[in-house]
Amino acid sequence: MHSIAVHGGAGTLARADLTPENDRAYRAGLERALRAGHTLLAEGGSAVNAVVTAVRVLEDDPLFNAGRGAVLAANGQHELDASLMDGRDLRAGAVTGVRHVRSPIELARLVMDRSPHVMLAGAGAEEFALEQGLTPVPNAHFATERRRRELDRMLQGQGESGREPLMGTVGAVARDGEGNLAAATSTGGMTGKKWGRVGDSPIIGAGTYAANDCCAVSATGHGEYFIRVAVAHEIASLMRYRGLGVEAAAEEVVMRQLVKLGGSGGVIAIGHDGRIAMPFNSEGMLRGAMDSSGRLETGLLRD
Ligand code: ASP
């Protein structure tokens, strides 16, 4: 049995903003990503290829805060973060603060496959992208009217970085037919973030983690809290050392540990048994799941 889950961010969409049109558009975007990853799994593809494929679909969709459509930092620039982990052997790749890489998750994959490192930052990451033959894009490639308005509102004091609904992120977790797990996450971070700020998304163990013996996790939410709780790895630890199932472990971290600190957001997680958990403590989390039994579901807010 193979399965995949994706998210398009927590706190991206307030209930008040949910019109029938954007309900359809967000669900269609999530479903495109699920189908792209699922098709690959159904053809015998690996979990790691499936999560990268699904995240790339979401990076290219301007509705979501990753790649095109990413939010703006306080200096008016897009600074993108991404990470990826292969549960087979715990190999991982991550990039942070990139400005000219069309698909940050593709670059994270190259860091994993073709460098001796796990994480590359800023100018060094851009240089590595050029060495690997990626064509740079101008920073304006990621720009949308909506994100410019959101930043302007925030700079005028009508919003606070980290408060809903100014976050977002995309991610995917998968289990392939051979039982291998993988997780991938990509983001523009938080609107109005300080130049150089790094959130949880590119940090292995915080925003992304995968290990075949327990689970694959991709997180979304107020990154500072997710780093402090080491969210993705904490879920894995609860499964490993306390023997919890993936639902109970994810629930404990998202609904208890994060809430205790005041950190809003959620995760998608797949257990080694293929079970999927998608808890969130925010008003909503754009999310979806699909598996070989025919399950296909998407959700936006708390039902
Ligand atoms: N976790 C991301 C960050 O802090 C933002 C998000 O998921 O909404 O950069």
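Numbers here simply count residues along the sequence, with the first being 1. One-based numbering, in listed order, for ligands and for the atoms of each.
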Once the angle between the rings of Phe64 and Tyr26 is folded into 0 to 90°, is it parallel (under 30°), tilted (30 to 60°) or perpendicular (over 60°)? perpendicular
Could you tell me, atom by atom, which parts of ligand 1 come under 4.0 Å of a heavy atom of Ser201? 1 (N), 2 (C)
I'd like to know if the side chain of Thr185 pairs up with that of Ser218 as donor and acceptor (distance under 3.5 Å, no hydrogens or angles considered). yes
Answer with yes or no whether the side chains of Trp195 and Glu79 bring together a donor and an acceptor at under 3.5 Å. yes
How does Arg197 reach ligand 1, by side chain, by backbone, by both or by neither, if only non-hydrogen atoms under 4.0 Å count? side chain
So, for Ala289 and Ile276, which heavy atoms are closest and what is the spacing to 0.1 Å? CB-CD1, 3.8 Å
Testing the basics here: between Gln132 and Arg114, what is the closest heavy-atom pair and its distance to 0.1 Å? OE1-NH1, 2.7 Å
Numbering as shown, the atoms of ligand 1 that approach Gly189 to under 4.0 Å (heavy-atom distance): 9 (O)
Checking the N or O distance criterion of under 3.5 Å, is ligand 1 in contact with Thr169? yes
Under 6.0 Å between the ring centres of His141 and His100? no
From the options Asp86, Asn212, Val217, Val48, select the one residue that forms a side chain to side chain contact (heavy atoms under 4.5 Å, CB included) with Leu181. Asn212
Go through ligand 1 atom by atom and flag the ones less than 4.0 Å from a non-hydrogen atom of Asp200. 1 (N), 2 (C), 3 (C), 4 (O)
Looking only at distances, can you tell me whether any N or O atom of Gly168, backbone or side chain, sits closer than 3.5 Å to an N or O atom of ligand 1? yes
Under 4.0 Å from any heavy atom of Gly223, which atoms of ligand 1 are there? 4 (O)
Which atoms of ligand 1 are found less than 4.0 Å from any heavy atom of Thr220? 6 (C), 7 (O), 8 (O)
Does at least one non-hydrogen atom of Gly9 fall below 4.0 angstrom from an atom of ligand 1? no
